[in-house]
Each structure stands twice: as C-alpha cells, then as structure tokens.
Amino acid sequence: MGWERVYNLVRTIPRGRVVTYGQVASALRLKGGARTAGRALAACPSGRGIPWHRVAGAGGRLLIREPQASLQRKLLESEGVFFLSPLRFDLTAHSFRIATAKKRSSKHRPRRH
DNA sequence: CATCTGACGACCG
DNA sequence: GCGGTCGCCAGAT
C-alpha cells in the first residue's frame, strides 16, 4: 500500500512540533486507525527528508523501541521539545494541529461529510 | 491459507 | 501511574 499520503503529511509538520499517530490516521482517514499510521512510519524510507521523529504516541510518548527511541528523543530535543522523562515529552506544549484538508471553494460552502 | 507481529490507543482494575 | 485486554489490519513467515 502506498504510504506516500502519510509521508506527505508528515513532511508538513513544522520544526519543534509533534503530532500523534492517531492524528495522522484521523486526518487521512486511514483504515486501520493509529496503528496503521504506525506501520507507515515503521516503513518510512530514510534519507528522504521525512521528519518521522515528529510523530509520536498519544499523550506525548515515544513508542518506538531502542535504540531508535533515543535517536527520536535526540532529534526532538534538538528542535526544542522538552522531555519530562526519557520517553515522555510535553505534547501539549508542542502538539501541531493538522490542517483539516477540506478542499471546498468559499462559495456554496457544501457541508462536511 | 494460517499465524504472528507490531513505531496505536481507548478502557479498565 | 502501571500493566493487561481488545479491536484494528498490512506484511512477514
């Protein structure tokens, strides 16, 4: 399955901001929910400038296993994200609200759904 | 085709 | 806060 949609979305996350797997799944309406978003990131190709480290678990937790977790933490801290513990960071202070991709013209304002 | 395995998250004790 | 259960589903074995 093409995870391109996921990667494209992840690429829009600003520096120092973080979104959860659930947010990604919700924004893209991924079939399997948050877990599917996780699989997409797990298969994330490296060396393509995808800020995979800006996606974490709900509540601001790193769910990835070591040694990757340490790398993610390092990357996030380098962007100013404050960690309360090795695997927990202050999500409320760094969460990024994904723009609801509603492509509607200003006229007609068709209702959602 | 049958199972197992997760970079999830909501719930519950 | 911590650990267990459950629903979820694409790949790997």
Side-chain angles (χ1 to χ4, degrees):
Chain A
M1 199 165 265
W3 300 125
E4 291 308 313
R5 291 201 307 143
V6 176
Y7 304 147
N8 286 329
L9 176 60
V10 172
R11 270 190 276 263
T12 71
I13 305 172
R15 243 181 137 252
R17 311 302 286 299
V18 182
V19 302
T20 68
Y21 298 101
Q23 277 180 275
V24 174
S26 181
L28 299 179
R29 307 287 149 84
L30 298 184
K31 196 174 180 190
R35 201 153 194 177
T36 296
R39 266 202 309 284
L41 271 295
C44 176
S46 57
R48 230 214 289 177
I50 301 174
W52 59 269
H53 58 283
R54 296 181 191 147
V55 183
R61 286 178 304 174
L62 302 189
L63 303 178
I64 189 176
R65 297 209 216 305
E66 296 293 348
Q68 288 265 81
S70 294
L71 172 59
Q72 179 170 26
R73 180 186 172 190
K74 190 181 87 174
L75 292 170
L76 289 176
E77 290 187 316
S78 74
E79 297 185 353
V81 176
F82 174 65
F83 274 73
L84 304 85
S85 77
L87 299 179
R88 294 202 63 232
F89 63 91
D90 187 358
L91 178 62
T92 63
H94 301 281
S95 70
F96 172 62
R97 161 99 54 179
I98 299 174
T100 54
K102 53 185 322 179
K103 51 221 178 142
R104 314 260 63 89
S105 72
S106 48
K107 307 173 150 199
H108 289 242
R109 48 164 325 212
R111 49 175 50 273
R112 78 175 65 244
H113 187 216

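These figures come from a predicted structure and were not determined experimentally. All chains are named by letter (A, B, ...) in the order of the sequence lines, taking the proteins before the strands, and each is independently numbered beginning at 1.
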Separation of A:R29 atom CZ from C:dC9 atom P, in whole Å? 16 Å

Starting at CD of A:Q68 and ending at P of B:dG6, how long is that distance when rounded to a whole Å? 14 Å

Would you say A:I50 and A:W3 make side-chain contact, with heavy atoms under 4.5 Å? no

Listed in order of residue number, which residues of residues 72-83 of chain A have a non-hydrogen atom at under 4.0 Å from DNA chain B? none

Please report, rounded to the nearest Å, how far the P atom of B:dA7 is from the CG atom of A:L71. 15 Å

Atom CD of A:Q23 to atom P of B:dG9: distance rounded to whole Å? 9 Å

Between A:R11 and A:P51, is there a side-chain heavy-atom distance shorter than 4.5 Å? yes

Whole Å only: how far is the CZ atom of A:R61 from the C1' atom of C:dG3? 11 Å

Let's test your reading of the model: under 3.5 Å, does the base of B:dC8 pair with the side chain of A:R39 as donor and acceptor? no

Go through residues 84-97 of chain A and report each residue with a non-hydrogen atom lying under 4.0 Å from DNA chain B, sorted by number. none

Hey, does A:A42 reach any base, or is it just sugar-phosphate, or nothing, if we go heavy atoms under 4.0 Å? base

Of the nucleotides B:dG9, B:dG6, C:dA10, which has the atom closest to the A:L63 side chain? B:dG9

For A:R48, look at atom CZ and say whether over 12 heavy atoms of other residues, nucleotides or ligands are found less than 6.0 Å away. yes

Rounded to the nearest 0.5 Å, how far apart are SG of A:C44 and OH of A:Y7? 5.0 Å

Residue A:W52, side-chain heavy atoms: nucleotide from B:dA7, C:dC9, C:dC8 that is nearest: B:dA7

For A:R17, does the CZ atom sit with more than 12 other heavy atoms under 6.0 Å from it, leaving out its own atoms? yes

With distance as the sole test, does A:S78 use its side chain to make a donor-acceptor pair with the main-chain N or O of A:L75 at under 3.5 Å? yes

Any side-chain heavy-atom pair from A:V55 and A:V6 closer than 4.5 angstrom? no

What is the nucleic acid contact for A:G33, judged by heavy atoms within less than 4.0 Å: base, sugar-phosphate only, or nothing? nothing

A:I64 CD1 to B:dC8 P: how many Å, rounded? 9 Å

Output the distance between atom CG (A:L87) and atom CZ (A:R65), rounded to the nearest 0.5 Å. 11.5 Å

Select one nucleotide: of C:dC9, B:dA7, B:dA10, the one nearest the side-chain heavy atoms of A:Y21. B:dA7

Separation of C:dC8 atom P from A:L28 atom CG, nearest Å, is 20 Å

Selection from B:dA10, C:dA10, B:dA7 that lies nearest to any side-chain heavy atom of A:K31: C:dA10

With side-chain hydrogen bond (donor to acceptor under 3.5 Å, both in side chains) as the criterion, how do A:H53 and A:E79 come out once you've worked through the C-alpha distance, each side chain's angles and the decisive distance to 0.1 Å? CA-CA 11 Å; A:H53 58 283; A:E79 297 185 353; 2.9 Å; yes

A:R35 has an atom CZ; how far is it from atom C1' of B:dA7, in whole Å? 10 Å

Pick from A:L63, A:L30, A:T36: which one makes a side-chain contact (heavy atoms from CB on, under 4.5 Å) with A:Y21? A:L63

